[in-house]
Each structure stands twice: as structure tokens, then as C-alpha cells.
Amino acid sequence: MKKASLLLLFAVFMPVAAFADLELTDTPPSDEVELHLAIRRIGLSMSKTEVKNAAEYADSPVSALKADSQDFIKGVFDTALEYRRNKFRWDNSLFMEYGKTTLKPYNAPATSNENADKILLSSDMSWACWEFGGFKFGPTLRGAYDTEFVGDPRQNIIRSSAGLSLFDHPIIKSLYLTGVYEYDFTYAGDQTSKTGAEFGWRLEYQLREGIKFSTNGYYREYFSYSDYVSTDLDRDFSAVIRMDTNLWGNFTMGPYAQYRRAKARGVDVYGSNSVIGISFSYIMRYGLITLEDKKS
């Protein structure tokens, strides 16, 4: 626990020290300002299985004739407002995801399950104190509100973090290690504060013209809690892998895989959720402002 606390203190202190020293160590020759609206993905995944006369084929060896009818739909909205000024970066992003599966057995009422439900509003600030080999490296500060559309109970977490990150590389869009503080008010009367550490990434690689591979995710480890709530997580891992192929314009289609694995404090085993599918997406990056003011 002592080592974990020292690691958290180091991760929080480093960015503060680096930001405090910016005016002394950085005097840019020009004032470059960029503002972009990045539509990272607006996607829709849909599938429908309709089985008729399943009761009459209940004893059939052909599974397709006696299966349950089911509908699956999942929507994703992932966008960010990206601000750049010299070595300073400030991203404000909104990620929303909702997925639902409805089963319609021939001999029972229809049932529905949510397999994805997330709203994440976040703000990230980073400073490129060092640059080498195309990499930008420096302190990062993050703040986020993590919630859901209709969860029961509906998750409500305010999260702040500070640490170091690599960013704005052609492949490594973001790679960071931070200390984390969370205020969790999911349960009325059971609000908890937590500290931990987080490692995260967002990578993109152009395989060839019109085909792009991308992945993003995080791993969180919690060290301390203000109170005991059995559903609070000890550790949490989430990863998404995608391959987008241009169909026409900015519309893409491709396979994706999504995996979540976590362990709660009051449970001895891990819970997990995995999804594999194909989705249609719209991806675009709009340049809103691009200015360069040369200084004498």
C-alpha cells in the first residue's frame, strides 16, 4: 500500500511541476493555433433473426429452425473537440454507447438485455515538454464524468487523474500512465472516494489506402477507498479493436471486437463481457481554425 501511494503521489506531482515550469523552459518561435472537430466514429450495428413456426420444429435436429427470434442493435457516438496551441493540447470529448438485445422465444414472453450502456464526458490537457523521434511526451491532466443512459442502478462517477503521456504521434494518438481519484455517487447514501492508477491507449495504423486499424482501452487498479461497497471494483480492464474499410466518402464498414473484464471487491471471481461484430461507421475530422502568427 505504501508503494502504491508513492506511485500515485509521483504521478500527480510530475505534471504539476512540469506545468509550473512552462514559462521558464519553453519560448516558442511562433504562435500556432488549431481547432478541430474530430468525429472519431458514429456507428451502428444491427442484426435481426426471425424464426417462424419454431414450436412445430422443436424436435428438429436443425438448430436454425427451432432457435429464438432475436433483434440486436448497438449505436456508438464518439467525437472530440481538439485544441492545439504550440506544444499545448486540450481535448474535450463525448463518448456514448448503447446496445440492446431482445429475445423472442416461441413459448415465452420476449425479454431484453442491455449489453452496452455508457456515457463518458471527458476533458484532457497535455503539454509536450519533450519531443524525440516524432513522439511528444509530457504531463497530462484529465477530468471525466462517467455515467449511463438507463442502468439500474445508473452509474455516476466523477474521475480526475494526473500523470504523463505520449501523444500526437502518427500511430500513438495517446499513451498514458496516471494516478486516479474517483468520487462515486452511484448509490444514494453510499458515496465513496477511491484512488488508484490507470494505464490507457489510443492507437491508429493505416494498413493501406482506405483500410485503418485502431484500438483503444485502459487498465485501472484501485489502491484505497473511503468506505466499503461490495460492488466497487478492485481492477478494471477494457479494450476495443477495430478495422475500418472505406465504402464511400467518410463511411466505413469493418469488424470489431470489444472486451471488458473486472473484479468487484465483494466477489472472488472476475466478470467479463466480450462482443464481436461488424459495424457501419462515419469518420471525419473538420478543421475549424488554423492560425500561425510568426513572432519577431
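Along the sequence shown, residues are numbered consecutively beginning with 1.
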N-O pairing of [X] and [Y] below 4.0 Å:
X      : Y      : answer
Lys194 : Asp234 : no
Asp117 : Lys100 : no
Glu198 : Arg220 : yes

Using the ring of each side chain (for Trp, its six-membered ring), is Phe137 parallel, tilted or perpendicular to Phe132, with breaks at 30° and 60°?
->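 Judged by the thresholds at 30° and 60°, the geometry between Phe137 and Phe132 is perpendicular.
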Please name the pair of heavy atoms, one in [X] and one in [Y], separated by the smallest distance, quoted to 0.1 Å.
X      : Y      : value
Thr147 : Gln155 : OG1-O, 2.7 Å
Glu204 : Lys173 : OE1-CE, 3.5 Å
Thr192 : Ser226 : CA-OG, 3.4 Å
Val51  : Ser69  : N-OG, 2.8 Å
Asp190 : Val229 : O-CG2, 4.0 Å
Ala116 : Lys74  : CB-CE, 4.4 Å

Tell me, which pairs form a ring-ring contact (aromatic ring centres under 6.0 Å, His included) where one or both residues lie in residues 237-265, sequence neighbours left out?
->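 Non-adjacent pairs meeting ring-ring contact (aromatic ring centres under 6.0 Å, His included): Trp248-Phe251, Phe251-Tyr282.
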I'd like to know if the side chain of [X] pairs up with that of [Y] as donor and acceptor (distance under 3.5 Å, no hydrogens or angles considered).
X      : Y      : result
Tyr222 : Asp236 : no
Arg159 : Ser122 : no
Ser126 : Tyr176 : no

Is there a chain of hydrophobic side chains (I, L, V, M, F, W, Y, each step under 4.5 Å between heavy atoms) that links [X] to [Y]?
X      : Y      : result
Trp127 : Met125 : yes
Leu37  : Ile289 : yes
Tyr225 : Tyr183 : no

So, taking the atom named [atom1] in [X] and the one named [atom2] in [Y], what distance separates them when rounded to the nearest 0.5 Å?
X      : Y      : atom1 : atom2 : result
Ser214 : Lys212 : OG    : NZ    : 6.0 Å
Arg235 : Arg261 : CZ    : CZ    : 10.0 Å
Leu288 : Tyr83  : CG    : OH    : 13.0 Å
Leu166 : Leu177 : CG    : CG    : 11.0 Å
Ile172 : Phe135 : CD1   : CZ    : 4.0 Å
Arg84  : Leu35  : CZ    : CG    : 9.5 Å

Name each donor-acceptor pair under 3.5 Å that joins a side chain in residues 107-114 to protein atoms two or more places apart or in another chain, with its distance.
residue : atom : partner : partner atom : Å
Ser112  : OG   : Thr102  : OG1          : 3.1
Glu114  : OE2  : Tyr98   : OH           : 3.2

Would you say the side-chain atoms of Arg202 pair up with the backbone N or O of Ser174, donor to acceptor, closer than 3.5 Å?
->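 No: the side chain of Arg202 does not pair with the backbone of Ser174.
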Evaluate the criterion side-chain hydrogen bond (donor to acceptor under 3.5 Å, both in side chains) for residue pair Asp184 and Thr186; output intermediate values, then yes/no.
-> CA-CA 6 Å; Asp184 189 335; Thr186 299; 2.7 Å; yes
Does the pair Tyr145 and Asn156 meet the rule for a side-chain hydrogen bond (donor to acceptor under 3.5 Å, both in side chains), with working shown?
-> CA-CA 7 Å; Tyr145 173 53; Asn156 281 291; 2.4 Å; yes
Under the side chain to side chain contact (heavy atoms under 4.5 Å, CB included) criterion, do Phe95 and Val76 qualify, and how do the steps go?
-> CA-CA 8 Å; Phe95 177 86; Val76 175; 3.8 Å; yes
Please assess Thr252 against Arg41 for the test side-chain hydrogen bond (donor to acceptor under 3.5 Å, both in side chains), listing each intermediate value before the final yes or no.
-> CA-CA 10 Å; Thr252 69; Arg41 184 161 66 99; over 6 Å; no
Might you work through the side chain to side chain contact (heavy atoms under 4.5 Å, CB included) test for Phe72 and Thr49, ending with a clear yes or no?
-> CA-CA 9 Å; Phe72 169 76; Thr49 302; over 6 Å; no
Residue pair Met253 / Thr245, side-chain heavy-atom distance below 4.5 Å |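 Side-chain contact under 4.5 Å: no.
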Determine, stepwise, if the pair Phe167 / Asp124 fulfils side chain to side chain contact (heavy atoms under 4.5 Å, CB included).
-> CA-CA 11 Å; Phe167 55 91; Asp124 305 339; over 6 Å; no
Kindly determine whether Gln258 and Asn273 satisfy side chain to side chain contact (heavy atoms under 4.5 Å, CB included), including the steps that lead there.
-> CA-CA 8 Å; Gln258 185 170 337; Asn273 180 295; over 6 Å; no
